[in-house]
Peer 1: 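Supplied in structure tokens, the structure appears directly below.
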Amino acid sequence: GGHAAFLGRALSKQEVAAELYDAGHRAGFWCVPEFEIKGDVMRRIDVVWAVRRKGDAGVLWLPVAAFEIEGHGVALGSIDKNVDSLGAVRKAGAGVRSIVLFQAGPDGGPWPRPSGPAIDRVNARLRSHPAAEVEGIDVVLDEELQGRFGGWVEEAGKAVRRSESRTRG
């Protein structure tokens, strides 16, 4: 963060991923890049916080938080794919599902911006989906990332406890 072209805490995609990995590790989770959700269509999620499953043949990870990382100018079709991927990971156990929007390119310069506020544009696209598909999907700006970690860690912990109670119950 702290790129010269920006005021505030703008981040690149790689910096967002690094911050997510750091927060997940500090909370005691495994951080899995390009997490795969198998189904009719193979889905890959940019970053997942997970715990290792014990005794579940063929399934190594229980996802407890999932993050899709997109540029502020994300295409509407990509948002739709994110909704599908985040829906699949919810079924697999993730208690946190978020789309994080970054605004700096890998060179630290501005990432292409859409017309109008990016978060409003993404939220408007989410509202075009059935409510049950997008319930609980959080859209976060890169500048707000640090302030979200505490709540996400708490929710991810609840997902772990729900899974543990189902396996005992």
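Just so it is clear, the model here is predicted, and its values are computed rather than measured.
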Peer 1: Kindly compute the distance separating CD (Glu133) from OG (Ser128), expressed to the nearest 0.5 Å.
Peer 2: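 Separation between the atoms: 9.0 Å.
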Peer 1: On a heavy-atom basis, which atom in Val51 and which in Trp30 lie closest, and how many Å separate them?
Peer 2: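 Where Val51 meets Trp30 most closely, the heavy atoms are CA-CD1, 4.5 Å.
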Peer 1: Nearest 0.5 angstrom please: Leu145 CG to Glu15 CD, how far?
Peer 2: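 CD of Glu15 is found 11.0 Å from CG of Leu145.
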Peer 1: Are Asp138 and Arg97 within salt-bridge range, i.e. N to O under 4.0 Å?
Peer 2: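 Arg97 and Asp138: not salt-bridged.
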Peer 1: To the nearest 0.5 angstrom, please state how far the CD atom of Gln103 sits from the NZ atom of Lys13.
Peer 2: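 The CD atom of Gln103 sits 15.5 Å away from the NZ atom of Lys13.
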Peer 1: So if I apply the side chain to side chain contact (heavy atoms under 4.5 Å, CB included) rule between Asp46 and each of Val16, Ile69, Leu20, which one comes out positive?
Peer 2: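 It is Ile69, the one option of Val16, Ile69, Leu20 that forms the side chain to side chain contact (heavy atoms under 4.5 Å, CB included) with Asp46.
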Peer 1: Do you know the tightest heavy-atom contact between Arg90 and Ala132?
Peer 2: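 In terms of heavy atoms, the two residues are closest at NH1-O, 3.0 Å.
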Peer 1: Can you name the one residue among Val100, Val74, Asn82 that meets side chain to side chain contact (heavy atoms under 4.5 Å, CB included) with Glu68?
Peer 2: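 Passing option: Asn82.
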Peer 1: In sequence, state the C-alpha distance, the side-chain angles, and the governing distance for Arg125 and Val83, and then conclude on side-chain contact (heavy atoms from CB on, under 4.5 Å).
Peer 2: CA-CA 10 Å; Arg125 186 60 173 204; Val83 167; over 6 Å; no
Peer 1: Could you grab the distance from atom CD of Glu36 to atom CE of Met42, nearest 0.5 Å is fine?
Peer 2: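 If we round to the nearest 0.5 Å, Glu36:CD and Met42:CE are 4.5 Å apart.
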Peer 1: Any idea which heavy atoms bring Ala156 and Val96 closest together, and the distance?
Peer 2: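 So the two residues come closest at N-CG2, 3.9 Å.
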Peer 1: Considering non-hydrogen atoms only, spot the tightest contact between Gly71 and Leu101 and give its length.
Peer 2: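 For Gly71 and Leu101, the tightest heavy-atom pair comes out as O-CD2, 3.9 Å.
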Peer 1: Cluster question for you: counting only ILVMFWY and a side-chain heavy-atom cut-off of under 4.5 Å, with indirect links fine, are Leu60 and Ile37 together?
Peer 2: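 Yes: a chain of side-chain contacts under 4.5 Å links Leu60 to Ile37.
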Peer 1: Compare every heavy atom of Arg44 with every heavy atom of Ser85, then report the nearest pair and how far apart it is.
Peer 2: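 Of all heavy-atom pairs spanning Ser85 and Arg44, the closest is OG-O, 4.5 Å.
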Peer 1: Hey, does Glu70 have a side-chain heavy atom less than 4.5 Å from the side chain of Ile79?
Peer 2: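 No - every pair of side-chain heavy atoms lies 4.5 Å or more apart.
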Peer 1: Which distance, rounded to the nearest 0.5 Å, do you find between the CG of Asp84 and the CG of Asp40?
Peer 2: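 The CG atom of Asp84 sits 11.5 Å away from the CG atom of Asp40.
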Peer 1: Determine, for Glu164 against Arg161, whether the closest basic-nitrogen to carboxylate-oxygen distance falls under 4.0 angstrom.
Peer 2: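 No, no charged N to carboxylate O under 4.0 Å.
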Peer 1: So Phe149 and Trp49, would you call those rings parallel, tilted or perpendicular, with 30° and 60° as cut-offs?
Peer 2: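 Phe149 and Trp49: tilted rings.
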Peer 1: How many angstroms lie between atom NE2 of His72 and atom CD1 of Ile119, to the nearest 0.5 angstrom?
Peer 2: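 Answer rounded to 0.5 Å: 8.5 Å.
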Peer 1: Apply side-chain contact (heavy atoms from CB on, under 4.5 Å) to Ile137 and Ile99, showing your working.
Peer 2: CA-CA 7 Å; Ile137 295 177; Ile99 299 171; 4.2 Å; yes
Peer 1: Would a 4.5 Å heavy-atom cut-off, applied to side chains only, mark Ile45 and Val47 as touching?
Peer 2: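 Counting from C-beta outward, Ile45 and Val47 never come under 4.5 Å.
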Peer 1: Could you check whether Arg52 makes a cation-pi contact with Trp61, meaning its NZ or CZ is under 6.0 Å from the centre of the six-membered ring and within 45° of the ring axis?
Peer 2: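 Flagged: Arg52 positioned over aromatic ring of Trp61.
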Peer 1: How close do Pro33 and Tyr21 get, counting heavy atoms only, and between which atoms?
Peer 2: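 Minimum heavy-atom contact is CB-OH, 3.2 Å.
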